[in-house]
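To keep things clear, I will list the structure first and then write my remarks on it.
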Amino acid sequence: MQSCENSVPSLPLILAGPVLRKCTASELTIWLATTAPLQGQFSLYLPGEAEPFYRAALSEASQLQIGQSAWIVQATFRGDFPVETPLEYQLQTQDGEVTALVPTLLYPQAQRLSLIIKRRADYVMHGSCRNPHHPSRDSLVAADEKVSALAIADRPALLMMSGDQIYADHVAGPTLDVIQQVIALLGLPNETFPDGPVTDTAALYEHPYNFYGRDKILPQYVDSGYGLSDDHPLMKWLPHRSRPVFSSRENENHLMGLSEFFAMYLLVWSPLLWQLTNRSRLQQGGFRWGGEVLAKKWQQHWQEEKTHIDAFVDGLPQVQRLMAHIPTYMIFDDHDVTDDWNLTVGWEKAAYGHPLARRIIGNGLLSYWLCQGWGNDPASFDDEFMALATTFFAEPTAAHQDRFIDALYRFEQWHYTIDTTPKMLVLDTRTRRWRSESKMNKPSGLMDWEALTELQQSLLREPAVIIVSAAPIFGVKFIETLQRVVSWLGQPLMVDAENWMAHPGSANTLLSIFTHTKTPTNFVILSGDVHYSFAYDIKLRFRRCSPNIFQITSSGLKNEFPRALLRFCDLMDRALYSPHSPLNWLTKRKRMKILKRDPDTPGKRRLVNYSAIGELRLDEEGKPSEIAILQSSGKRVCFPPIADN
């Protein structure tokens with residue numbers, strides 16, 4: 001992989017951010033993307049004070065050059081910071097104050113950016129699944145509108161983004177066009193592909209399949225469809241067929257190069273690069289690549305996508321503002337890398353056994369670390385890890401890239417803890433899976449025995465805890481039954497069969513954690529992934545002193561479930577799996593009684609199908625005092641407590 005050489009026009013210093021990341025009484029972390037190394041000073045103020053009580057040089061921040069005119073800056077400031085106290089901050093850069101460079105960062109009447117460091121997670125916003133070209137509105141815009149009307153002391157303690165912050169496998173044509181304009185604009189590196197139909201990203205951008213055709217050049221593997229290992233005796237006689245490694249049904253524009261992944265992050269968190277590029281090239285008749293012209297079928301599709309992309313871009317100033325004022329934590333799910341990431345042993349064997357597939361998945365994970373994972377807990381990445389990163393970005397050769405990606409695959413600390421009260425445990429449900437030993441195409445458990453054992457140890461002696469799991473731990477039983485049937489037929493990829501109960505080992509181990517007598521009295525589980533919202537209260541059957549377990553799911557931030565199908569699933573779940581239904585005894589959760597909260601909406605639907613961000617308020621004991629979702633329209637839906645519980 002070698003750097004591109006291009007003439008770069010005058011660019012603004014700030015491309016994205018600042019984003020508040022890990023914020024504690026002793027540590028403040030801020031993430032930015034810039035066009036030059038950042039110089040100047042970070043200052044922290046008490047409201048109304050002219051002089052800061054804390055200063056630090058920006059030059060001391062970690063700064064990685066990603067391209068000719070692209071840098072990632074992550075600054076971690078250490079000190080004794082006031083908690084439960086409104087604070088203001090400013091970044092004085094070589095080009096001026098950040099709020100002068102990006103005036104839309106400020107809330108009305110504010111002179112500086114502001115934050116509050118809370119010890120108690122008494123008010124949390126949470127959500128996942130933000131697809132830029134989905135027809136629904138962006139719920140992060142609604143969140144910003146609400147925060148803008150709150151006093152600093154009344155703001156959420158944090159924003160938890162629990163997966164699918166980008167959709168690397170489902171990219172709109174207009175977005176992919178702008179991504180490639182950004183790559184040229186910033187001088188992002190050209191990347192050599194191993195064992196692929198195109199030699200490098202430069203050739204990809206000129207290829208006839210560059211737009212709406214990448215599914216034809218993505219890796220394939222040979223599969224019998226029977227879930228048997230390659231050395232099984234029957235494999236000699238059974239018919240084989242070619243299958244795509246990347247199983248997304250809409251992967252015509254799947255991201256491949258690291259520069260594409262990186263540019264995507266800049267475009268979903270900031271409006272600035274959209275303003276420097278042209279997303280109307282198709283309408284202006286100037287859209288050509290490698291002598292190719294977009295087919296009429298895709299031209300119409302492009303126009304439909306562009307309508308939704310334009311609305312998405314209009315809301316990005318507010319998204320950028322929100323993330324500059326609320327400590328934001330993140331964890332990956334599959335679409336941050338690719339759909340069905342590590343779903344089965346067979347998928348893993350096919351993906352990691354193909355050099356090009358391994359590189360693409362590695363690029364997704366590398367960009368996740370750079371733009372999301374790094375800021376969750378910077379201390380998790382030791383000097384050896386950072387040396388690999390520094391070496392790769394300083395000299396982005398294919399060998400250095402593969403070495404860094406190999407380290408990312410071996411890394412086992414993507415999960416992390418947020419030291420609030422209650423403590424928040426953010427789970428990695430993607431890279432430490434409990435692989436099936438019976439069939440290649442049987443769904444893996446979302447966490448293996450060792451990871452679950454570590455989870456149990458971290459719960460001991462805690463009176464209350466918040467667990468963040470991308471997929472709901474207690475999901476909709478009827479939908480899980482459908483997934484189980486299709487998985488039994490050997491097609492788990494068809495139904496995205498990723499639920500905690502799909503694998504007996506991980507399911508039973510997880511349920512044992514909840515039934516252990518030394519685990520917390522109050523469990524709150526925050527989830528997303530499924531593109532609808534619901535809330536359950538769970539009790540252990542036949543135990544007088546049962547812990548209080550609350551499954552709270554809010555999804556998606558900008559995505560929704562097919563409406564007719566969800567209505568059917570909701571109806572069937574209510575009919576077949578009421579708390580007293582004998583069918584419950586056929587499930588792995590038979591020792592638990594699940595009570596489903598009714599939202600305060602018309603009708604009898606318990607599954608709310610509307611793009612929204614979750615709002616959770618906790619009392620002093622760590623129990624929910626309010627469970628709600630803020631819909632992207634601004635309407636608020638509450639899930640009141642169950643009267644007889």
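This one's a predicted model, so the numbers in the text were calculated from it and none came from an experiment. Just so it is clear, the values below take in all heavy atoms, side chains as well, and ignore hydrogens, waters and symmetry mates.
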For Ala351, enumerate each residue passing the side chain to side chain contact (heavy atoms under 4.5 Å, CB included) test, keeping only those at least two apart in sequence or located in another chain. Val245, Trp347, Ile361

Run the salt bridge (Lys or Arg N to Asp or Glu O under 4.0 Å) test against Arg563 and tell me which residues pass, sequence neighbours left out. Glu560

Between Gly373 and Phe381, what is the shortest heavy-atom contact and its length? O-CE1, 3.6 Å

Within the distance-only criterion (no hydrogens, no angle test), does the side chain of Arg279 pair as donor or acceptor with the backbone N or O of Ile309 below 3.5 angstrom? no

Residues at least two apart in sequence or cross-chain that pass side chain to side chain contact (heavy atoms under 4.5 Å, CB included) with Ser367, listed by chain then number, are Leu258, Phe261, Tyr265

At their closest point, which heavy atom of Leu204 faces which heavy atom of Asn210, and how far apart are they? O-CB, 3.2 Å

Nearest heavy atoms of Met447 and Leu427, plus distance in Å: SD-CD1, 3.8 Å

Salt bridge (Lys or Arg N to Asp or Glu O under 4.0 Å) partners of Arg281, counting only residues at least two apart: Asp177

Do Phe534 and Phe474 have their ring centres less than 6.0 Å from each other? no

Hey, does the side chain of Asn559 reach the backbone of His531 with a donor-acceptor pair shorter than 3.5 angstrom? no

Under the ring pair (Phe, Tyr, Trp, His ring centres under 6.0 Å) test, which residues partner Trp302, sequence neighbours left out? Phe287

Any ion pair linking Glu252 and Lys216 (charged N to carboxylate O, less than 4.0 Å)? no

Any side-chain heavy atom of Phe392 within less than 4.5 Å of one from Arg403? no

Is the shortest heavy-atom distance from the side chain of Lys442 to the side chain of His503 under 4.5 Å? no

Give a yes or no on whether the ring-centroid distance for Trp71 and Phe393 is below 6.0 angstrom. no

With sequence neighbours left out, write down each residue that passes ring pair (Phe, Tyr, Trp, His ring centres under 6.0 Å) with Tyr610, or none if nothing qualifies. none

Between Arg430 and Asp333, does any side-chain N to carboxylate O distance fall below 4.0 Å? yes

Which heavy-atom pair separates Arg214 from Leu255 by the least distance, and what is that distance? NH1-CA, 4.0 Å

Less than 4.5 Å apart, side chain to side chain, heavy atoms only: is that true for Met330 and Asn376? yes

Testing the 3.5 Å rule here: is there a donor-acceptor pair between the side chains of His133 and His170? yes

Does a donor on one side chain and an acceptor on the other come within less than 3.5 Å for Thr192 and Asp200? no

Taken in chain and number order and not counting sequence neighbours, the residues that satisfy ring pair (Phe, Tyr, Trp, His ring centres under 6.0 Å) with His134 are none

Side chain to side chain donor-acceptor pair (under 3.5 Å) against Ser533, all qualifying residues, sequence neighbours excluded: none

Could you walk me through whether Tyr205 and Trp289 pass the ring pair (Phe, Tyr, Trp, His ring centres under 6.0 Å) test, one step at a time? CA-CA 7 Å; Tyr205 305 152; Trp289 80 97; over 10 Å; no

Looking at every non-hydrogen atom in both residues, tell me the closest pair between Leu188 and Gly67 and how far apart they are. CD2-CA, 4.0 Å

Would you please name every residue forming a side chain to side chain donor-acceptor pair (under 3.5 Å) with His400, sequence neighbours left out? Thr397

Which residues pass the salt bridge (Lys or Arg N to Asp or Glu O under 4.0 Å) test with Asp138, not counting sequence neighbours? Arg130

Can you name the residues that form a side chain to side chain contact (heavy atoms under 4.5 Å, CB included) with Thr431, not counting sequence neighbours? Phe332, Trp341, Trp414, Asp428

4.5 Å side-chain heavy-atom contact, Ile179 and Leu267: yes

Glu348/Arg435 ion pair, N-O < 4.0 Å: yes

Residue pair Asn609 / Phe561: nearest heavy atoms and the distance that separates them: ND2-O, 2.8 Å

For the pair Glu454 and Arg432, find out whether any cationic side-chain nitrogen is under 4.0 Å from an anionic carboxylate oxygen. yes

Using the rule given for side chain to side chain donor-acceptor pair (under 3.5 Å), can you reason through Asn190 versus Thr201, listing the C-alpha separation, both sets of side-chain angles and the distance that settles it, and then say yes or no? CA-CA 6 Å; Asn190 181 43; Thr201 49; 2.5 Å; yes

Looking at residues at least two apart in the chain, or sitting in another chain, which of them share a salt bridge (Lys or Arg N to Asp or Glu O under 4.0 Å) with Asp406? Arg358

Using a strict threshold of under 4.0 Å (side-chain N to carboxylate O), is an ion pair present between Asp339 and Arg249? no

